[in-house]
Each structure stands twice: as structure tokens, then as C-alpha cells.
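Have a look at the structure below before the remarks.
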Amino acid sequence: MLLKKKIIALLCALIATGISLIDGKEQVAYASGVETIAVTSRPIDSFRFGADMTRFGQLEFIGGIVMHSSHPLFGALSSIRFRSDGETFLAVMDSGHFVEGRIERDDKGRLSGVSPLKVTPMTDRSGRTDRGKGSMDSEGLAFGLGGVLVSFEGVHRVDLYPDPATAPGRLLRTLPILIPRGLLHNNRSLETVVVAPEKSALKGAPLIVAEDSLDKDGNLPAAILEGPLKGRFAVRQTDRYAVTDGAFLPGGDLLLLERRFNMHDGLGMRIRKIAATSLHPGAVVDGETMIEADLSYQIDNMEGLDVITRDGETRLILISDDNRSILQRSLMLEFRLRH
């Protein structure tokens, strides 16, 4: 029991600080140009250790993979967005890199791997690519406003890049985030940027949610950045969970991926569904829990979530941020939404 507590404490420290450890040494991940990374994958056949059940709350586990690469840049995946084909994706690393790739499936349609990844460093306002994690801690990602939106911690902001994001050229502009920067704490701020469906009441507007910075009422600051419902709102924080990503369902409801790590609770993951009708300025939103998991399940530091449509079904794909640590894993998990 003492050893387990020590392991949990170490994992919590790694996740909280974003320390990158390779062979016990801190690793600074940086690429001055485009890199191609080969990735090997091992399948995950069951979501809960030692159990063959597939139904978890409102979700059905389809399959998953553990991704690995010997390339020192690989890892630290913080958000992922799929294109309309449901196979090719764009992701971000929290070291200021875009990642392009394609998922691969076996003959049963389950996740089996990813293609070689194209990794490109982001540029800042001056066109530089070597600013370091202090100013280029990219955490959230979304397609919208004619380009690619990226949210950052450290220097709290949302930047708009051209699409494809890896094309030459500097960022297009920085969006006003509406949330007072005094409410946002370093390493606990803008983990989530997501764009609403065009046919929803939000009319394709981008939306941001703070990870674990609290307002005076103990809620997570959030904002709708454009459109007819532009303005600030808040997300009720419960059970010591922090918001790490979000994705909209086709009908307009918002899914929030949440992570918890502390000595009392250990490591946990949760997905909450926020009703579309509750998203408006001045609201304090909450929602039902669709799934919740702890270390008895195949989870790690879950930071990325997207919704795709495949074979007429709504599916969720999640990824984890391994902090480039030998003690953590880069996971990709897929679930089918069951009503």
C-alpha cells in the first residue's frame, strides 16, 4: 500500500507539473523544422483491467492502442481533432508542435495504430519557433473561424493559425479571451478550446474553458468568444475534477473531458455532458456524468477528446498526455455512444 501511494504521488507530481522524463533525465522537446515520427502501437482489448465488459455508463468501449516511439519528440499529446473523413487528424503537443497523422484499423474496424506522424513547430507572433514551453504551452485545438484555433497556458491566449496549420506562414491573429487574466493560473488555464456546430444556437462560435482556475464562487471560468451569444459563463467544478478538453455532439450538447489526480483520489477520468440550451452568457453550467474511471481502468493523463461519425454512429476518441515520461503511456481510446 505504501509503494502504491508513492507511485500515485509521483504520477500526480508529473501530471501536475508536466515534467518530461526520459531515462530519468529531464528532456526538452524541440524541433526547429518538420520531423517525421514512426510510431508502434499495441492494442488495448478491454477498458477495465481483468474484465471483458464493454459497456461503461452511456459509452461502449470499442478498442484502443498504446502508442510508442523512440523519437525523443514523441508524446505530450494535449488535444486532437479529426477531419471530416474521421481518419486523418491534427493534434497538438504541449511543447508547441502541430501533429498530423491518420488512424489505422484492423479487419474488425478497431483501432490498430497510427501512420507516421508529421510534426511541425508552431510559430509565435514574430514568426519564431523556438520560444520554449513558457510561451508556447499549447493545450487546446479546434477547427474554426477559417483556420485552426490553439489555446495556450503560461501566456494565456487563443491564437488562430491557417489551415492546414503546418503550411508556411505566421499565425493569423490572437482572439480576445474575455476571461480576466487575473483569474487564470499558470499550468491550470486554457486547456480547452472547442467550436460549436454551425446549426446550433452558438452558430459555430469558439468556446473556451479553464482547466483548474476558479472564480470567486469556486467555478471554472469559461467564455463564448464570438457569435450571437458571445460572453462569459462558468462551469461548476465537482469532485476535484479539472477540465482538459471538450467536444460538441452533433445535436449541440457539449462534452467535457475531465481529469483528477491527488493523493486522496488517485488518478481519475470523467466525461460530463452539458446541455446545449444551458450554454449562454451568465450561466453556471453542470451536466450528467457519462463515464467515470480510475486506475482500475486503462487510463492515464487523459487530455484529448473528439467526436467523430463512423458507420452512422457517434463515437468518441480520447488521447492521453504522457508528459514524455517513462512512467506514463500515450493512449488512444475509442467509444461508441449508446443512448
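Residue numbers start at 1 and run along the sequence shown.
- Transitive grouping of hydrophobic side chains (ILVMFWY, heavy atoms separated by less than 4.5 Å) keeps F49 and V66 in distinct clusters.
- With 3.5 Å as the limit, one finds no donor-acceptor pair spanning the side chains of D94 and S138.
- A distance of 8.5 Å separates CG of L178 from CD of E226, quoted to the nearest 0.5 Å.
- Between R105 and E87 there is no salt bridge, since no side-chain nitrogen of the basic residue lies less than 4.0 Å from a carboxylate oxygen of the acidic one.
- Looking only at side-chain heavy atoms (C-beta outward), R272 and V235 come within less than 4.5 Å of each other.
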Mind running side-chain contact (heavy atoms from CB on, under 4.5 Å) on D322 and M67 for me, showing each step along the way? CA-CA 10 Å; D322 68 352; M67 299 175 287; over 6 Å; no
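- Residues F89 and L117 have side chains in contact (heavy-atom distance under 4.5 Å, counting atoms from C-beta outward).
- At least one donor-acceptor pair under 3.5 Å links the side chain of E153 to the backbone N or O of S189.
- Within the model, atoms CG of D306 and CD1 of I317 stand 7.5 Å from one another, a figure rounded to the nearest 0.5 Å.
- Looking at D217, its side chain never comes within 3.5 Å of a backbone N or O of N219 through a donor-acceptor pair.
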For S78 and E139: C-alpha separation, side-chain torsions, deciding distance, then whether side-chain hydrogen bond (donor to acceptor under 3.5 Å, both in side chains) applies. CA-CA 5 Å; S78 294; E139 297 287 349; 3.3 Å; yes
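- Using the six-membered ring where Trp is involved, Y297 and F47 have ring planes that are tilted, between 30° and 60° apart.
- Taking CD1 of I299 as the reference point, atom CG of L267 lies at 4.5 Å (rounded to 0.5 Å).
- Expressed to the nearest 0.5 Å, how far OG of S112 lies from CD of E104 amounts to 5.5 Å.
- Rounded to the nearest 0.5 Å, atoms CD1 (I37) and OG (S115) are 11.5 Å apart.
- No continuous path of ILVMFWY side-chain contacts below 4.5 Å connects L190 to V209, so the two sit in separate hydrophobic clusters.
- Evaluated for a side chain to side chain contact (heavy atoms under 4.5 Å, CB included) with P206, the options V158, I224, L175 yield exactly one hit, L175.
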Quick one: do R48 and S296 satisfy side-chain contact (heavy atoms from CB on, under 4.5 Å)? Show the steps, please. CA-CA 6 Å; R48 182 163 187 169; S296 62; 4.2 Å; yes
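- In the hydrophobic clustering of this structure, V285 groups with L202; members are Ile, Leu, Val, Met, Phe, Trp, Tyr whose side-chain heavy atoms approach within less than 4.5 Å, directly or through other members.
- With respect to E211, the salt bridge (Lys or Arg N to Asp or Glu O under 4.0 Å) criterion is satisfied by exactly one of R259, R260, R188: R259.
- Residue L249 is grouped with residue I271 when hydrophobic side chains (ILVMFWY) are merged at heavy-atom distances under 4.5 angstrom, including chains of intermediate members.
- Panel note: side chain R110, backbone K108; no donor-acceptor pair is recorded below 3.5 Å.
- V307 and L256 fall into different hydrophobic clusters, where Ile, Leu, Val, Met, Phe, Trp and Tyr side chains are chained together by heavy-atom contacts under 4.5 Å.
- Judged by distance alone, the side chain of R181 and the main-chain N or O of H156 form a donor-acceptor pair under 3.5 Å.
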Applying side-chain contact (heavy atoms from CB on, under 4.5 Å), run through F152 and M122 and close with a yes or a no. CA-CA 12 Å; F152 294 85; M122 298 176 184; 3.9 Å; yes
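- Using a 4.5 Å heavy-atom threshold, the side chains of M93 and V99 count as touching.
- Applying side-chain hydrogen bond (donor to acceptor under 3.5 Å, both in side chains) to Q58 and the options E288, R336, R338 leaves one that passes, E288.
- The backbone N or O of G75 sits nowhere less than 3.5 Å from a side-chain atom of S330 that would complete a donor-acceptor pair.
- Rounding to the nearest 0.5 Å places CG of L333 at 11.0 Å from CG of L305.
- Here R83 pairs with D163 in a salt bridge; the nearest charged N to carboxylate O distance falls below 4.0 Å.
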Could you walk me through whether D212 and R240 satisfy the salt bridge (Lys or Arg N to Asp or Glu O under 4.0 Å) test, starting with their C-alpha distance in whole Å, then the side-chain angles of each, then the deciding distance to 0.1 Å, before giving a yes or no? CA-CA 9 Å; D212 197 21; R240 294 179 289 276; over 6 Å; no
Could you walk me through whether M332 and L77 pass the side-chain contact (heavy atoms from CB on, under 4.5 Å) check? CA-CA 10 Å; M332 182 180 289; L77 297 169; over 6 Å; no
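- The closest donor-acceptor contact from the side chain of T88 to the backbone of R102 lies at 3.5 Å or more, if one exists at all.
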